[in-house]
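Working notes, beginning with the structure itself.
To find a chain, count down the sequence lines: A is the first, B the second, and so on, and within it residues start at 1. Just so you know, these numbers use all the heavy atoms, side chains as well, and skip hydrogens, waters and symmetry mates. Bear in mind the structure is a predicted one, so any value in this text is a computation, not a measurement.
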2 protein chains.
Amino acid sequence: MKHLPRVHLNGLRAVEAAGRCGSLSAAADELGVSVGAVSQQIIKTEAQLGAAIFERTGRGIRPTGLGQQFVDRLSLGFQTLDAAVAMTRHHTDSVLTISVAPVFASKWLVPRLARYTRAHPETKLRLEASTDLINPDSSDIDLAIRVGEGDWPGVKSEYLLPQEVFPVCAPALADALETPEDILTAPIIRDANSNIAWDVWLKPLGLDQRDLVEGDSFTDAALCLDAAIAGQGVMLAWHTLAHDALQCGRLVAPFQERARTRYSYWLITSENRQEPAKVREFKAWLRGEIEEMLEI
Amino acid sequence: MKHLPRVHLNGLRAVEAAGRCGSLSAAADELGVSVGAVSQQIIKTEAQLGAAIFERTGRGIRPTGLGQQFVDRLSLGFQTLDAAVAMTRHHTDSVLTISVAPVFASKWLVPRLARYTRAHPETKLRLEASTDLINPDSSDIDLAIRVGEGDWPGVKSEYLLPQEVFPVCAPALADALETPEDILTAPIIRDANSNIAWDVWLKPLGLDQRDLVEGDSFTDAALCLDAAIAGQGVMLAWHTLAHDALQCGRLVAPFQERARTRYSYWLITSENRQEPAKVREFKAWLRGEIEEMLEI
DNA sequence: CGCTTTGTTTTAGAAAAACTATATGAAACA
DNA sequence: TGTTTCATATAGTTTTTCTAAAACAAAGCG
């Protein structure tokens, strides 16, 4: 870029349009400005280049020999820029980037995505599995699903559903669990990263988490679920994450009681950016899936 | 150009520079503006695109997946534009376009150009043979040589030499021309387009053009000269155009008397544009050639 | 020849964009 | 913990660009 800084980009665009269209008026029309504006831009650019790009014939303008070559090359350059912008538009229109926690992705979202893809084949999905708080304005995330209190600043948070937790275990283990008190005898599978205490479920039943029997501990909720399915013990599972395993009978919930934590599921989008169609569609689909899950 | 109009060109340049340089400060440095200006431009462009091009990491910026592709394509586009501008600069620096009357080109200028090319091999000459009045500001003519009274508006006119005319003919014919009166007996070759009357030469000698013997007539001074060389008659030749033929003896001037017309040779350049080196050099060379011709 | 059409340039003033300087904030360095 | 590095926010200023209307200029036409 040794020579470009010497001239105004808008002037180059005016020159290109005028050269391609063959007249200032046609160029002004294309650029959506007045004829005078185009004339001024071209004159200024010619001065900056120190060379005449057009001959004025009284019947209109005609590129000089140099001018024609120049215009041709400018056209090429602007076409490239246009293609670059077109690419982003296509990308933003057709690629939906979703940020979700890895466990929620694998245990709930991914198994349902095939239905979404079937309903919206024109949208390519890109899943970004991460627990970091994201800002849709300063990343290419279109939409995130997060569990929390919905008080994140600088983003738009829409309530999805409450977070409910309850004990789950393998069917074989469940036989020994007839009343809530029996849970104090079963090994407890713990998610070391979870900040949800058993008390949230035990307290309303008059029990205390300090009486629980320690079992295995994992750093990932997905591993806990797998351990529970394998019959390693009882875990305090999130409703959403356990749902599918409960459906197909690989897990069971020995007790009816469910506890609501102080957290909920929230759908995070940009506060500033206008909602694109792909986001609107995904949100509608997501609410439908949640509806369906809650009905069962 | 369906997508480009949606975004600001200057913003695209900021995005490209930031993406290539890897940081706003480096981009600001390259663009010669403040960091804040670059930041604002990029933010505005991202809003116009409706997509994030950079991720903000606290340690600086990093292009998103889409952003990197976008920046790469922008780089390509701006390189093309830069090359286009570079081309005009090279062209204006190294190509000298001269407008001269066709006859002056063929009978005087072209035979001398080899010497110029030898002295200035870096300058490519382009001769535009035309008698039209030109305007160096609204065409790609750098310099013109014209015969007239030097009163053209809107251009810079520099005096070169007076126009002198005198009769010339083939050596064989000259034997019969001992005194000016003898010219009334010889056939006169006429340039139908010339506006120089024989009286300008005849009157000071007490003769009248109405007594001349009509010979052949041509619409081009070059053809008249060729006819004179072929011995068809006597013509009233311009000093400059006849000079080379006189030097090598193919024409002779039977009489010493020369007449000055009211016209002169003028060198026309742009009134507004600053004089490039190539023009200055050519002017110096031209004055040298004229000097040399007048000495002989 | 004057009149009309077509097309560019010139103005002056208005509107929009871009820029600077400074303050603020946030992460890494050490 | 303070320092450095980088990006962003804000407010006011400067610069650029635009519009609208008039002025030109060259053709084409009755």
Side-chain angles (χ1 to χ4, degrees), chain A residues 5-15 17-48 52-64 67 132-139 152-154 270-272, chain B residues 5-19 21-48 52-64 67 132-135 137-139 152-154 271-272:
Chain A
R6 303 205 140 267
V7 295
H8 291 217
L9 285 176
N10 289 332
L12 292 184
R13 176 147 61 176
V15 166
R20 182 162 37 76
C21 300
S23 81
L24 295 202
S25 18
D29 222 41
E30 173 173 309
L31 297 173
V33 295
S34 65
V35 178
V38 177
S39 174
Q40 289 177 68
Q41 291 282 34
I42 292 176
I43 289 168
K44 185 182 287 182
T45 302
E46 288 182 318
Q48 289 172 337
I53 305 302
F54 297 103
E55 280 177 65
R56 277 69 172 181
T57 62
R59 265 290 267 187
I61 55 167
R62 177 156 28 90
T64 62
D132 299 345
L133 285 177
I134 55 90
N135 184 341
D137 282 330
S138 61
S139 67
W152 298 284
S270 167
E271 197 176 36
N272 309 307
Chain B
R6 301 204 141 272
V7 296
H8 290 220
L9 285 177
N10 288 333
L12 292 184
R13 176 146 62 175
V15 166
E16 192 274 335
C21 299
S23 83
L24 295 203
S25 21
D29 221 42
E30 173 174 311
L31 297 173
V33 296
S34 66
V35 178
V38 177
S39 175
Q40 288 179 65
Q41 292 282 35
I42 291 175
I43 290 168
K44 184 183 288 181
T45 302
E46 288 181 317
Q48 289 171 337
I53 305 303
F54 296 103
E55 278 176 66
R56 277 70 172 181
T57 62
R59 258 295 263 187
I61 55 167
R62 178 156 26 87
T64 63
D132 299 345
L133 285 178
I134 54 91
N135 185 341
D137 283 330
S138 61
S139 68
W152 298 285
E271 197 176 34
N272 310 307

Checklist entry - Below 4.0 angstrom from OP1 or OP2 of dT17(D), is there any side-chain N or O of K44(A)? => result yes

Next on the checklist: Would you say H8(B) places a side-chain N or O within less than 4.0 Å of OP1 or OP2 belonging to dA16(C)?
Outcome noted: no

Next on the checklist: Closest approach to the side chain of Q41(B), judged atom by atom: which nucleotide of dC19(C), dT10(C), dT19(D) is it?
Outcome noted: dC19(C)

Item to check | From dT16(D), dA18(C), dA9(D), nucleotide with atom closest to I43(B) side chain | outcome: dA9(D)

Checklist outcome for this item: Taking for G60(B) and for N10(B) the nucleotide of DNA chain D with the nearest heavy atom, the one nearer the 5' end belongs to G60(B)

Checklist entry - So do T45(B) and I53(B) actually touch side chain to side chain, heavy atoms under 4.5 Å? => result no

Nearest 0.5 Å please: distance from the [atom1] atom of [X] over to the [atom2] atom of [Y].
| X | Y | atom1 | atom2 | value |
| --- | --- | --- | --- | --- |
| H8(A) | Q41(A) | NE2 | CD | 8.5 Å |
| L24(B) | D29(B) | CG | CG | 12.0 Å |
| Q48(B) | L12(B) | CD | CG | 8.0 Å |

Next on the checklist: When you measure from the side chain of R62(A) to the backbone of G60(A), do you find a donor-acceptor pair of N or O atoms at a distance under 3.5 Å?
Outcome noted: no

Item to check | Main-chain N/O of F54(B) paired with E46(B) side-chain donor or acceptor, under 3.5 Å | outcome: yes

Over how many whole Å does the gap from [X] atom [atom1] to [N] atom [atom2] extend?
| X | N | atom1 | atom2 | result |
| --- | --- | --- | --- | --- |
| L9(A) | dA17(C) | CG | P | 16 Å |
| E55(A) | dT8(C) | CD | P | 14 Å |
| R56(A) | dA25(D) | CZ | C1' | 14 Å |
| I53(B) | dT8(D) | CD1 | P | 13 Å |
| F54(A) | dT8(C) | CZ | P | 10 Å |
| R62(A) | dT8(C) | CZ | C1' | 15 Å |

Next on the checklist: Give the residues of residues 18-35 of chain A touching DNA chain D, defined as any heavy atom closer than 4.0 Å, sorted by residue number.
Outcome noted: G32(A), V33(A), S34(A)

Next on the checklist: If I compare all heavy atoms of T64(A) with all of A52(A), which pair ends up nearest, and what's the gap?
Outcome noted: OG1-O, 3.2 Å

Checklist outcome for this item: What one should report as the nearest heavy-atom pair of P5(A) and R13(B) is CA-NH1, 4.1 Å

Checklist outcome for this item: A correct 5'-to-3' footprint of nucleotides 25-30 of chain C, with B, S and - meaning base, sugar-phosphate only and no protein heavy atom under 4.0 Å, is --SSS-

Item to check | Residue R20(A) excluded, over 12 heavy atoms near CZ under 6.0 Å | outcome: yes

Checklist entry - Has the side chain of Q40(B) got a donor or acceptor that lies under 3.5 Å from a partner of the other kind on the base of dT20(C)? => result yes

